[in-house]
Amino acid sequence: EAQVTQNPRYLITVTGKKLTVTCSQNMNHEYMSWYRQDPGLGLRQIYYSMNVEVTDKGDVPEGYKVSRKEKRNFPLILESPSPNQTSLYFCASSAYRVGPYEQYFGPGTRLTVT
Amino acid sequence: AQSVTQLDSQVPVFEEAPVELRCNYSSSVSVYLFWYVQYPNQGLQLLLKYLSGSTLVKGINGFEAEFNKSQTSFHLRKPSVHISDTAEYFCAVSDDGTSYGKLTFGQGTILTVHP
């Protein structure tokens, strides 16, 4: 089954404790992206990657890091989480080279930073 | 830069009534337009998309949307809603390639269908 998976689905942590949210897709997609969803703001892009070793900032990259060492994986790293990063996070992927940009979303990770 | 505005944050409606969720966008280039649905505690699912061609697009679950280039709108409609349509709906736009497939989302519209 074609899918995007994220782990963990729920995470409660404390300020400053480094964490990683994993994202994996089995569709051989080149393009992967991270979004955060906040009430009244919709989804905003954090980082995206057009292929292995190619990443770039989205609209709200501060406080986040990403890496793309393998085509299927695109982890999101919060090196020093703060309460304003409490949010619902979604990973997405698409076959960019085929186009046109229909993105497939993971189930989401709800992060709470206390 | 592109932007999306969903004109209603919440839309309450009774079961079997028609509904329209409004979406306006701005972009300096040609765009692709999408509607996604998010059911409670779930991820986003593509409802329908406009890429080119006919301006009336049909999607899953009986939804349809009309692309109006002159009014830069992409409103979502359903002639008769069900309780199961209760969800949050997001309009999104992607341009023709200059921003590498980035989706810009609207703020979302919560559709609540009452019995």
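Just so you know, these numbers come straight off a predicted model, no measurement behind them. By convention in this document, chain letters (A, B, ...) are assigned in the order of the sequence lines, proteins followed by strands, and residues within each chain are numbered from 1.
- The salt bridge (charged side-chain N to carboxylate O under 4.0 Å, His left out) analysis of residues 21-38 of chain B, with sequence neighbours excluded, yields the pairs Asp8(B)-Arg22(B).
- Contacts between residues 63-91 of chain A and chain B, defined by a heavy-atom separation under 4.5 Å, are made by Leu88(A), Phe90(A).
- Rounded to the nearest 0.5 Å, atoms CD (Glu88(B)) and CZ (Phe90(B)) are 3.5 Å apart.
- At a 4.5 Å heavy-atom cutoff, the contact between Leu46(B) and chain A is made by side-chain atoms alone.
- Looking at Phe74(B) and Val93(B), their side chains never come closer than 4.5 Å, going by heavy atoms from C-beta outward.
- Put simply, the side chain of Val11(B) does not reach to within 4.5 Å of the side chain of Tyr89(B), judged on heavy atoms.
- Near-neighbour residues of residues 58-71 of chain B relative to chain A, defined by a heavy atom under 4.5 Å from a heavy atom of that chain, are none.
- In this structure the side chain of Ser94(B) reaches within 4.5 angstrom of the side chain of Phe34(B), judged on heavy atoms.
- Top candidate by heavy-atom pairs under 4.5 Å with chain A, chosen from Gln38(B), Gln42(B), Gln6(B), is Gln38(B).
- Contact residues of residues 105-113 of chain B toward chain A are Phe105(B), Gly106(B), Gln107(B) (heavy-atom distance under 4.5 Å).
- Taking 4.5 Å as the limit, every side-chain heavy atom of Leu21(B) sits out of range of all side-chain heavy atoms of Lys78(B).
- The most heavy-atom pairs under 4.5 Å with chain B, out of Ser33(A), Pro107(A), Pro39(A), come from Pro107(A).
- Within a 6.0 Å radius of CG in Leu56(B), more than 12 heavy atoms belonging to other residues, nucleotides or ligands are found.
- Looking at Tyr48(A) and Asp56(A), their side chains come closer than 4.5 Å, going by heavy atoms from C-beta outward.
- No donor-acceptor contact under 3.5 angstrom links the side chains of Ser24(A) and Thr5(A), judged on distance only.
- Judged by distance alone, with hydrogens and angles left aside, the side-chain atoms of Ser49(A) form a donor-acceptor pair with the main-chain N or O of Val54(A) at under 3.5 Å.
- Looking only at side-chain heavy atoms (C-beta outward), Tyr104(A) and Gln25(A) stay at 4.5 Å or farther from each other.
- Proximity of Tyr36(B) to Leu43(A): side-chain heavy atoms (C-beta onward) are nowhere separated by under 4.5 Å.
- Looking only at side-chain heavy atoms (C-beta outward), Val21(A) and Leu111(A) stay at 4.5 Å or farther from each other.
- Looking at Arg9(A), the atoms closer than 4.5 Å to chain B (heavy atoms on both sides) all sit in the side chain, from C-beta outward.
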